[in-house]
There are 4 protein chains.
Amino acid sequence: MGGTKHQRRGDTRRRIQDVALELFAEQGYEKTSLREIAERLAVTKAALYYHFKTKEDILVSLFQDMTRPMDELIDWAKEQPHTLATKQEVLRRYSEALAAASPLFRFMHENQATVRELSVGESFKDRMVVMMEIIKEPHMPLVDQVRCVSALFTMHAGMIALRDVEGDPEEKRKAALEVAIDLVTQAHGGTGGA
Amino acid sequence: MGGTKHQRRGDTRRRIQDVALELFAEQGYEKTSLREIAERLAVTKAALYYHFKTKEDILVSLFQDMTRPMDELIDWAKEQPHTLATKQEVLRRYSEALAAASPLFRFMHENQATVRELSVGESFKDRMVVMMEIIKEPHMPLVDQVRCVSALFTMHAGMIALRDVEGDPEEKRKAALEVAIDLVTQAHGGTGGA
Amino acid sequence: MGGTKHQRRGDTRRRIQDVALELFAEQGYEKTSLREIAERLAVTKAALYYHFKTKEDILVSLFQDMTRPMDELIDWAKEQPHTLATKQEVLRRYSEALAAASPLFRFMHENQATVRELSVGESFKDRMVVMMEIIKEPHMPLVDQVRCVSALFTMHAGMIALRDVEGDPEEKRKAALEVAIDLVTQAHGGTGGA
Amino acid sequence: MGGTKHQRRGDTRRRIQDVALELFAEQGYEKTSLREIAERLAVTKAALYYHFKTKEDILVSLFQDMTRPMDELIDWAKEQPHTLATKQEVLRRYSEALAAASPLFRFMHENQATVRELSVGESFKDRMVVMMEIIKEPHMPLVDQVRCVSALFTMHAGMIALRDVEGDPEEKRKAALEVAIDLVTQAHGGTGGA
DNA sequence: AATGAATGAGCCTTCATTCAT
DNA sequence: AATGAATGAAGGCTCATTCAT
């Protein structure tokens with residue numbers, strides 16, 4: 001006993017999430033049908049509705065499970081002073097959070113148009129805006145603000161565009177992080193400034 | 001005079017493209033139906049099919065019309081020596097091409113998952129890869145390669161994430177360009193000046 | 001001069017008929033679209049409407065052009081006495097008429113369901129009925145009536161099913177004719193009867 | 001009691017097949033729309049798609065259900081010696097199989113052009129070819145080969161052309177069978193008796 | 001003699017969703 | 001915990017046909 005049956009008991013929900021994320025990331029949200037998800041799991045579409053109220057709900061659940069680390073990061077950051085050191089630490093942690101939630105993040109990035117009018121889209125955008133507020137300062141010269149934005153984007157790019165570049169993913173992540181830290185440092189009048 | 005009838009004669013094709021781009025950019029490709037496009041133009045769906053063979057064809061036509069400047073840039077760049085000065089000039093021109101084709105570019109960026117399996121997706125990715133090859137050098141340290149990738153992304157970000165930042169679009173573009181040039185310059189070991 | 005331009009002047013109508021017959025026979029009436037016909041002729045659909053009022057009209061015109069020999073045969077047969085000799089001669093002529101209008105005939109045979117509710121369908125069926133009346137006699141025993149029906153069908157089969165059998169078409173036609181004549185002869189108490 | 005609800009439960013699939021066959025036979029495959037089938041059953045089009053993957057699939061299912069007897073006949077015939085007696089027995093059984101599957105057969109005959117490029121078309125033709133191989137011998141004189149082909153066609157004609165002739169269907173079938181047997185017997189050089 | 005532009009109707013198909021069991 | 005059966009809405013696409021030029 002303790003066989004697969006018991007192990008599988010109750011994990012259908014998770015299996016749905018896994019398959020859904022895989023397919024969403026691969027083909028996009030719209031192009032992935034519930035039929036497809038159900039077929040891959042060898043259950044009926046109706047079974048999905050036992051576990052989730054709507055298609056969007058599956059996405060929401062994925063989102064919630066995977067952005068918790070990011071939310072914690074934001075909460076932590078809000079209590080810290082707005083120093084360069086804090087920002088560097090935020091970038092470091094953000095980079096790790098990103099890596100942990102990598103497939104969802106890729107999905108979010110590649111399906112912005114779709115996701116924009118989903119409830120999840122707002123949350124995602126909100127989080128981005130908060131991150132921006134943490135990293136950049138409104139009084140900075142425009143160029144330095146761009147540097148801060150770019151720092152964040154560089155880490156995203158690290159997960160997306162760098163996939164075609166040779167090399168170990170972890171090393172690429174670190175390289176992206178280094179560049180990002182560089183950028184905010186410069187924005188703060190670091191070695192690159194006057 | 002010259003009444004609307006004559007003005008409208010023959011420009012239906014362009015009007016379809018205009019409306020389509022607008023809707024594609026706003027809601028995404030999948031979520032935009034031909035019915036919607038047709039309705040907005042006050043023609044029937046069948047009329048769209050007189051001008052374009054398929055829905056995808058509309059997208060392709062947009063793509064072709066708008067990437068020509070970018071192709072010319074690529075062709076020009078290929079004939080230049082791989083010097084830092086060339087790359088800086090490439091970035092400058094790329095920034096302009098981007099600005100000119102801005103809505104389509106935004107669309108491409110926000111619909112990557114969808115666009116990936118459309119014929120147009122390949123072309124887009126190919127172009128990105130070529131741009132990368134022009135900007136970065138394979139023998140560079142990984143961090144500098146990331147800087148180059150980031151330079152390109154910064155300009156994209158300039159059109160997307162910076163929309164929430166206050167300021168004149170043209171100034172933001174220039175700021176993004178400056179940061180991008182900075183990044184490749186650093187990748188080339190330069191201090192930016194000498 | 002006297003070039004292709006003059007030769008082609010006025011023969012568009014015939015060219016439409018030719019292509020239409022070819023496509024109708026190959027793919028059926030419903031599955032052949034006017035677009036397809038127009039494309040093969042390198043004209044626009046609208047051009048077809050200059051020459052024919054409707055799609056069905058094209059079919060009607062083909063039918064009229066090609067059934068004239070058969071109508072003449074029927075007219076002739078009606079004036080002859082209902083003797084075995086007459087019937088044999090009718091079969092002979094019918095066989096030739098069939099061969100001459102072979103593609104249309106094949107089409108009619110293979111598209112009965114479609115053609116049934118076209119004006120042309122009635123005409124076709126009428127003609128078949130008349131042919132039957134000429135060949136068979138109402139007072140004949142059922143088996144002999146079947147022989148007569150079969151005689152006609154044998155010749156049709158000669159053009160359709162026999163296409164897979166090796167041999168010269170003309171020889172196959174003659175063989176089918178021979179069997180058909182045999183059948184009516186037997187129906188008339190020939191060698192096969194008492 | 002035994003209310004219609006329970007009787008109707010689970011037989012929707014069969015009801016679709018029934019209505020479809022009826023309409024296909026009446027108007028042809030192309031001209032019969034799924035809307036029409038659905039309306040007649042008082043269900044939605046989507047319901048048809050729950051039971052069949054495509055429109056063609058409905059036809060395939062009809063075909064499979066109804067040609068099984070014919071396939072059994074073919075299998076049986078292949079194991080028998082190629083004697084005249086065997087062939088006569090084959091014709092007898094074929095005639096019965098034909099009568100049992102009569103509406104589908106009529107449909108196949110009247111929609112050859114359409115059916116030809118459907119998967120079902122090939123199967124149908126294959127079966128015809130096999131039947132021919134069983135009935136006729138390649139070394140026979142051409143005229144006798146035609147007799148064999150004609151024997152098969154006579155039975156088909158028995159179901160189609162004879163519909164206009166007065167008389168009991170079963171008697172007409174027997175008459176057609178008799179003529180068919182006569183034809184193969186003659187093809188084998190027999191006088192019919194000895 | 002033929003085209004360019006468009007229409008209205010309809011087609012097959014897919015989707016997310018529901019609900020009784 | 002999940003299925004079988006079905007729905008309503010919509011989607012992309014094709015067709016025969018029209019008409020001003």
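Letters A, B, ... are given to chains in the order of the sequence lines, protein chains preceding strands, and every chain is numbered from 1.
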Q: For D/Lys45 and D/Arg13, find the nucleotide of DNA chain F closest to each by heavy atoms; which residue's nucleotide sits nearer the 5' end?
A: D/Arg13
Q: Would you indicate, yes or no, if E/dC12 has its OP1 or OP2 atom less than 4.0 angstrom from a side-chain nitrogen or oxygen of D/Thr54?
A: no
Q: Taking OP1 and OP2 of E/dA2, is either one under 4.0 Å from a side-chain nitrogen or oxygen of C/Thr12?
A: yes
Q: Need to verify one output field. Residue with the more 5' nearest nucleotide on DNA chain E, A/Glu36 or A/Lys53?
A: A/Glu36
Q: OH of D/Tyr49 versus C1' of F/dG4: gap in Å, rounded?
A: 20 Å
Q: Can you tell me how far C1' of F/dC15 sits from OH of C/Tyr29, to the nearest Å?
A: 12 Å
Q: Taking the side chain of D/Ala46 as heavy atoms from C-beta outward, which of E/dA6, E/dC15, E/dT3 is closest to it?
A: E/dC15
Q: With DNA chain E as reference, determine whether C/Ala42 or B/Thr44 sits nearer its 5' end, using the nearest nucleotide of each.
A: C/Ala42
Q: Find the distance C/Leu41:CG to E/dA1:P and express it as a whole number of Å.
A: 16 Å
Q: How is the base pairing of DNA chain E summarised as a dot-bracket string, given the Watson-Crick and G-U wobble criteria with both distances under 3.5 Å, [ ] for crossing and | for another strand?
A: .||||||||||||||||||||
Q: Atom CZ of A/Arg35 to atom P of E/dA16: distance rounded to whole Å?
A: 9 Å
Q: Specify the separation, in whole Å, of atom CG of C/Leu48 and atom C1' of E/dT3.
A: 12 Å
Q: Just by distance, do the side chain of C/Thr67 and the backbone of C/Met70 share a donor-acceptor pair under 3.5 Å?
A: no
Q: Could you check whether B/Arg40 pairs with B/Glu36 (Lys NZ or Arg NE/NH1/NH2 to Asp/Glu carboxylate O, under 4.0 Å)?
A: no
Q: For C/Glu39 and F/dT14, give me the distance from atom CD to atom P, rounded to whole Å.
A: 11 Å
Q: Find which nucleotide of DNA chain F each of A/His51 and B/Ser33 is nearest to by heavy atoms, and output the residue with the more 5' nucleotide.
A: A/His51
Q: Any chance you could measure B/Gln17, atom CD, to B/Leu59, atom CG, to the nearest 0.5 Å?
A: 10.5 Å
Q: Separation of D/Phe52 atom CZ from E/dT14 atom P, in whole Å?
A: 15 Å
Q: Among residues two or more places apart or on two chains, list those pairs meeting ring pair (Phe, Tyr, Trp, His ring centres under 6.0 Å) that have a residue in residues 23-50 of chain C.
A: C/Phe24-C/Tyr29, C/Phe24-C/Phe107
Q: Among F/dT3, E/dG4, E/dA2, find the nucleotide with the atom closest to the side chain of B/Tyr50.
A: E/dG4
Q: Is there a donor-acceptor pair under 3.5 Å between the side chain of D/Arg106 and the backbone N or O of D/Ser102?
A: no
Q: Sub-3.5 Å donor-acceptor pair from the side chain of A/Glu30 to the main-chain atoms of B/Lys31, do we have one?
A: no
Q: Side chains of B/Ile58 and B/Leu34, heavy atoms from C-beta outward: is any pair under 4.5 Å?
A: yes
Q: Between atom CD1 in A/Ile37 and atom C1' in E/dA16, what is the gap in whole Å?
A: 11 Å
